[in-house]
Protein chains: 2
Amino acid sequence: MQDLLQQVQVQVNEKIYLKNPESSDLGRRIVAGSIELMDRVGFEDFTFKKLGLQINSPEASIYRYFESKHKLLLYLSSWYWGWMEYQLVFGLANVSSANDRLVRAISILTGTVSNDAGMSLIDKAKLHRIVISESTKSYLTKAVDDENKDGIFATYKKLVARVSDIILELNPNYRYPHMLISTMIEGALHQRYFAQHLPRLTDVVNGEDTVTDFYMDMILKTIQTEDVN
Amino acid sequence: MQDLLQQVQVQVNEKIYLKNPESSDLGRRIVAGSIELMDRVGFEDFTFKKLGLQINSPEASIYRYFESKHKLLLYLSSWYWGWMEYQLVFGLANVSSANDRLVRAISILTGTVSNDAGMSLIDKAKLHRIVISESTKSYLTKAVDDENKDGIFATYKKLVARVSDIILELNPNYRYPHMLISTMIEGALHQRYFAQHLPRLTDVVNGEDTVTDFYMDMILKTIQTEDVN
DNA sequence: CATAAATGATAGTAATACTATTATATTTGT
DNA sequence: ACAAATATAATAGTATTACTATCATTTATG
């Protein structure tokens, strides 16, 4: 049920794909296969030819769904943020205290991702790893301004805006809510990468979720009003 | 003089290049030309063929200095962080107060970069833009672990360690100094990118350096000891 | 069941990311 | 000043990548 709702919830901007991959069996194999392959070989070595081999379909058929691997990466990132927004809306529903909502939002956005029972076609743990390692490459390109005009990054911006609003509820005078939240979201991804590959850039303690702990502490301290009476 | 000192100061790990580009006229043209070209076309569309045209030397000659454009990007990033470390050492020299040293370090690491008068072969403003837009691509690859073993990222790690130490001087109980500083350094680069291309992820105010202001405020609040007596 | 639409199979192209070879400069040691 | 070593230029070539095109075959739809 949860899964069905997720499928319904996660909407990806139509300009990202040529043909909606959720609309056919081949499309779904492309998405599932690309997650497996990109997690395994990385974006640079990922090719539509290899993906074709992986899913037993010709390279040319994949091009009917996505113009390029860049667009496919945009699709995966966008899907991830759409799913995250859904998690957020669900996780904050009926929580009246703004403080509680912020704490929950930070947990959701900086925490680890594990696969739900319901055998979805999308492996969330692998997708999270892809987002960690590859998603910045989706917007650090010369095409960013054109794609932004097309609304490709709208989901991500909405997510940032949503959490920024909670911060403003708690402290209407805080001047940098968007910077704080985008710093946190990007930072949490980076810190998880560093923990795996460049641990001296972090303070990871085995068995503890120091990433969430760090950002929780940082944000709550940062938005405190100057004079608490 | 400043420039001469910079040339002497900035050392790049030898494993990054096949032949030190500082050792010849062609090498220097490769570095200067690559900064111009990469800033203009971006890492994805940057090729050694185009660079060859730009500097009027054959593509094959460039390969005698750098194995690949990935290594060249590593060189530029590494050079930048080496230069930053130099700026830091210089900027913090003879400043006894740990608090002042931290404030200066945050300014240096999150601030804008402009070209010095001394007509260096390296255009720092362009290099800063390259670091903003492309440097994450230098470590978000499958080669990161091998390259890390070779010490390719040592300069960057040293920089983070250096500022972390200042934080520990101010608050020996703060648990996440490395996370805080790496979040700040990467975050400041990202925020400058967002300000240009995805402004709704920031709170940029025209004419003000909100990036430095934001991180200054965030860090000083975050490392405050819980109970100030 | 006829028609349209999607997919498969195959081929082809321009560009990329290199490597190799040889000729011509340029530097270096004596 | 000159031979030897070294660096660069000029050119060619290869495997792979990132596509596009064509046509046959399968699968869905009215």
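Per chain, numbering begins at 1; letters A, B, ... match sequence-line order. Computed from heavy atoms alone, side chains included, the values below leave out hydrogens, waters and symmetry copies. Everything numeric here is computed off the predicted structure, so don't read it as measured data.
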* Residue met sooner reading DNA chain C from 5', once B:Arg64 and A:Lys19 are mapped to nucleotides -> A:Lys19
* Quick check: does any side chain N or O of A:Asp39 sit under 3.5 Å from a backbone N or O of A:Ile130, one acting as donor and the other as acceptor? -> no
* How are the rings of B:Phe48 and B:Phe46 set relative to one another: parallel (under 30°), tilted (30 to 60°) or perpendicular (over 60°)? -> perpendicular
* Between B:Thr183 and A:Tyr215: side-chain donor-acceptor atoms closer than 3.5 Å -> yes
* To do: Measure from NZ or CZ of A:Lys69 to the centre of the six-membered ring of A:Phe43, then state whether that distance is under 6.0 Å and the direction lies within 45° of the axis.
  => yes
* Structure fact -> Outermost contacting nts on DNA chain C, any atom under 4.0 Å from chain A heavy atoms, listed 5' then 3', are C:dA6 to C:dT10
* When you measure from the side chain of A:Arg200 to the backbone N and O of B:Lys157, does any donor-acceptor pair fall under 3.5 Å? -> no
* Asked: Would you say the side-chain atoms of A:Thr202 pair up with the backbone N or O of A:Pro199, donor to acceptor, closer than 3.5 Å?
  -> yes
* Asked: Using a cut-off of 4.0 Å between protein heavy atoms and nucleotide atoms, how would you tag nucleotides 24-30 of chain D 5' to 3' with B, S and -?
  -> -------
* Asked: For B:Ser57 and D:dT8, is the shortest distance between a side-chain N/O and OP1 or OP2 below 4.0 Å?
  -> no
* To do: Using a heavy-atom cut-off of under 4.0 Å over every strand shown, decide if A:Phe66 touches base, sugar-phosphate, or nothing.
  => nothing
* Taking it one step at a time, do A:Thr212 and A:Thr110 satisfy side chain to side chain donor-acceptor pair (under 3.5 Å)? -> CA-CA 5 Å; A:Thr212 295; A:Thr110 67; 2.8 Å; yes
* Asked: Going through the distances and angles, do A:Glu134 and A:Arg129 end up as a salt bridge (Lys or Arg N to Asp or Glu O under 4.0 Å)?
  -> CA-CA 8 Å; A:Glu134 321 293 354; A:Arg129 285 204 298 269; over 6 Å; no
* Has the side chain of A:Arg28 got a donor or acceptor atom that lies under 3.5 Å from a matching backbone atom of A:Glu22? -> yes
* Would you give a per-nucleotide map of nucleotides 14-20 of chain D, 5' to 3', where B means the base has a protein non-hydrogen atom under 4.0 Å away, S means only the sugar-phosphate does, and - means neither? => ---SBBB
* Asked: So, B:Ser182 side chain and A:Leu201 main chain: donor-acceptor pair closer than 3.5 Å or not?
  -> yes
* Donor-acceptor pair between B:Asn20 and B:Tyr65 side chains, under 3.5 angstrom -> no
* List in chain and number order the residues that pass side chain to side chain donor-acceptor pair (under 3.5 Å) with A:Thr141, two or more places apart in sequence or in another chain; answer none if no residue qualifies. => none
* Asked: For D:dA7, does OP1 or OP2 lie under 4.0 Å from any side-chain N or O of B:Tyr65?
  -> no
* Asked: If you look only at pairs with a residue in residues 132-158 of chain A, which of them pass as a ring-ring contact (aromatic ring centres under 6.0 Å, His included), with sequence neighbours excluded?
  -> A:Trp81-A:Tyr156, A:Tyr139-B:Phe194
* Those residues of residues 30-41 of chain B lying under 4.0 Å from DNA chain D by at least one heavy atom -> none
